[in-house]
Each structure stands twice: as C-alpha cells, then as structure tokens.
Amino acid sequence: QVQLVESGGGLVQAGGSLRLSCAASGSIFSINGMGWYRQAPGKQRELVAAITSGGSTSYVDSVKDRFTISRDNAKNTVYLQMNSLKPEDSAVYYCTAKVTTIVFRMTNDYWGQGTQVTVSS
C-alpha cells in the first residue's frame with residue numbers, strides 16, 4: 001500500500017513562516033498530481049495548492065503570493081512553504097497524492113493524516 005506522512009506543522013505568530021512536508025512511501029509506481037488541503041473547525045475542507053507531475057502549480061486566491069508548493073520527485077515528497085501567515089490560515093493541513101501502485105497499476109488518491117497549523121494574532 002501507500003502511506004503519506006506529513007510534518008512541519010505547529011504554532012507560529014502572525015507574519016511568521018512554516019514549511020510543511022509530505023513524504024509518500026510504499027508500493028509506488030508513479031505519482032501524478034500532489035496537493036495540500038486544509039480544514040478549519042466548522043468549515044469545509046478546501047484545496048490550498050496543487051502541483052502536477054510536470055511542476056505546474058495552482059493556488060487558492062487567499063494564499064497566492066504567500067504560499068509556495070513544490071515537489072521532489074526523487075523523494076516522492078511535496079512541500080508547502082507558508083510565509084506571512086495569518087490567523088485565518090489556522091487549520092489542519094492534509095496532503096494528497098494521486099498514486100499509481102506497482103501492483104496491478106491501480107491509480108487512487110491517497111491522504112496524509114493531517115498536521116495542525118495554528119497562527120496566533
């Protein structure tokens with residue numbers, strides 16, 4: 001199977017920075033799109049940023065010019081650099097990856113367990 005393990009969350013003051021990492025491991029043949037979602041209490045989960053296998057990126061308007069998504073294909077890892085953080089960025093952040101497995105060449109979306117980001121004012 002495939003596992004996604006996130007790291008890098010924590011507590012930071014407004015205006016500060018954090019870098020999230022998400023490493024995929026297991027029976028991986030290839031990884032297509034990767035992305036980061038977030039969910040704040042009482043709100044729906046939203047897509048924050050996404051990156052294709054070729055490196056094309058997209059962002060939700062509220063984080064443009066502050067967050068940067070990147071990936072290291074050799075390490076099967078996606079990153080989210082978050083700068084100029086605001087209290088409204090506080091949420092549980094989840095990484096996701098569209099993975100084709102070695103066995104049967106099946107493609108599915110996999111999710112990490114989530115990492116808490118809290119921005120104090």
Side-chain angles (χ1 to χ4, degrees):
Q1 287 297 332
V2 175
Q3 300 82 38
L4 272 61
V5 178
E6 298 138 343
S7 61
L11 173 64
V12 64
Q13 289 188 333
S17 298
L18 284 174
R19 189 192 194 206
L20 305 182
S21 299
C22 173
S25 62
S27 180
I28 299 171
F29 176 75
S30 65
I31 302 178
N32 298 317
M34 304 183 82
W36 289 93
Y37 282 74
R38 66 185 178 187
Q39 187 167 22
K43 294 187 177 181
Q44 290 187 331
R45 188 173 296 191
E46 69 170 348
L47 177 61
V48 176
I51 186 168
T52 68
S53 57
S56 297
T57 60
S58 59
Y59 300 90
V60 67
D61 285 346
S62 60
V63 308
K64 284 180 180 178
D65 299 324
R66 299 189 298 121
F67 290 11
T68 302
I69 189 171
S70 61
R71 62 190 285 174
D72 184 332
N73 291 330
K75 296 181 179 179
N76 291 332
T77 299
V78 63
Y79 306 95
L80 186 67
Q81 177 67 43
M82 305 184 294
N83 299 328
S84 302
L85 282 161
K86 304 176 180 179
E88 51 264 43
D89 294 318
S90 297
V92 178
Y93 284 71
Y94 300 89
C95 70
T96 184
K98 187 175 293 293
V99 178
T100 299
T101 56
I102 294 173
V103 179
F104 305 125
R105 295 290 195 270
M106 293 183 65
T107 300
N108 289 295
D109 291 324
Y110 292 86
W111 292 81
Q113 79 284 358
T115 185
Q116 178 70 48
V117 171
T118 303
V119 184
S120 63
S121 57

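Nothing here was measured: the structure is a model prediction, and the numbers come from that model. We use all heavy atoms of the structure for the numbers below, so side chains are in, but hydrogens, waters and symmetry mates are not.
Between the R45 side chain and the Q39 main chain, no donor and acceptor come within less than 3.5 Å of each other. With hydrogens and angles ignored, the 3.5 Å screen pairs no side-chain donor or acceptor of S27 with any backbone N or O of T101.
Here salt bridge (charged side-chain N to carboxylate O under 4.0 Å, His left out) pairs that include residues 24-44, with residues two or more places apart or in two chains, are R38-E46, R38-D89. The salt bridge (charged side-chain N to carboxylate O under 4.0 Å, His left out) contacts involving residues 67-85 comprise nothing, where partners must be two or more places apart or lie in separate chains. For residues 107-121, the salt bridge (charged side-chain N to carboxylate O under 4.0 Å, His left out) pairs, not counting sequence neighbours, are K98-D109. Pairs of residues two or more places apart, or lying in two chains, never qualify as disulfide (SG to SG under 2.5 Å) while including a residue from residues 45-77. Every pair tested for disulfide (SG to SG under 2.5 Å) that includes a residue from residues 28-60 fails, sequence neighbours excluded, so the list is empty. Counting only residues at least two apart or on different chains, no ring pair (Phe, Tyr, Trp, His ring centres under 6.0 Å) pair has a member in residues 56-93.
Side-chain contact between M82 and V117: present, with at least one pair of heavy atoms (C-beta onward) separated by less than 4.5 Å. In this structure the side chain of T115 reaches within 4.5 angstrom of the side chain of L20, judged on heavy atoms. V99 places none of its side-chain heavy atoms less than 4.5 Å from the side chain of N108. Using a 4.5 Å cut-off on side-chain heavy atoms (C-beta onward), V78 and I51 make contact. By the 4.5 Å heavy-atom criterion applied to side chains, I31 and N76 are counted as neighbours.
Following chains of ILVMFWY side-chain contacts shorter than 4.5 Å, one cannot reach Y94 starting from V119, and the two form parts of different hydrophobic clusters. Note: the hydrophobic cluster containing V60 also contains L85 (ILVMFWY, side chain heavy atoms under 4.5 Å, direct or indirect links).
Under the salt bridge (Lys or Arg N to Asp or Glu O under 4.0 Å) criterion, D65 pairs with no residue, sequence neighbours left out. Listed by chain and residue number, T107 satisfy the side-chain hydrogen bond (donor to acceptor under 3.5 Å, both in side chains) test with T100 (two or more places apart in sequence, or in another chain). In terms of the side-chain hydrogen bond (donor to acceptor under 3.5 Å, both in side chains) criterion, residue partners of T118 (sequence neighbours excluded) are, by chain and number, Q116. Every residue two or more places apart in sequence or in another chain that forms a ring-ring contact (aromatic ring centres under 6.0 Å, His included) with Y37 is listed here: W111.
By the 4.5 Å side-chain criterion applied to Ile, Leu, Val, Met, Phe, Trp and Tyr, M106 is assigned to a cluster that also includes V103, F104.
Between the OG atom in S58 and the CD1 atom in I69 there is a gap of 7.5 Å [rounded to 0.5 Å]. Distance check, rounded to the nearest 0.5 Å: OG1 of T77 to CE of M34 gives 7.0 Å.
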Which pairs of donor and acceptor atoms, one on a side chain in residues 2-18, lie under 3.5 Å apart (sequence neighbours left out)?
unit_1, atom_1, unit_2, atom_2, d
Q3, OE1, S25, OG, 3.4
E6, OE1, Q113, N, 3.3
E6, OE1, G114, N, 2.4
E6, OE2, C95, N, 2.6
S17, OG, N83, OD1, 2.9

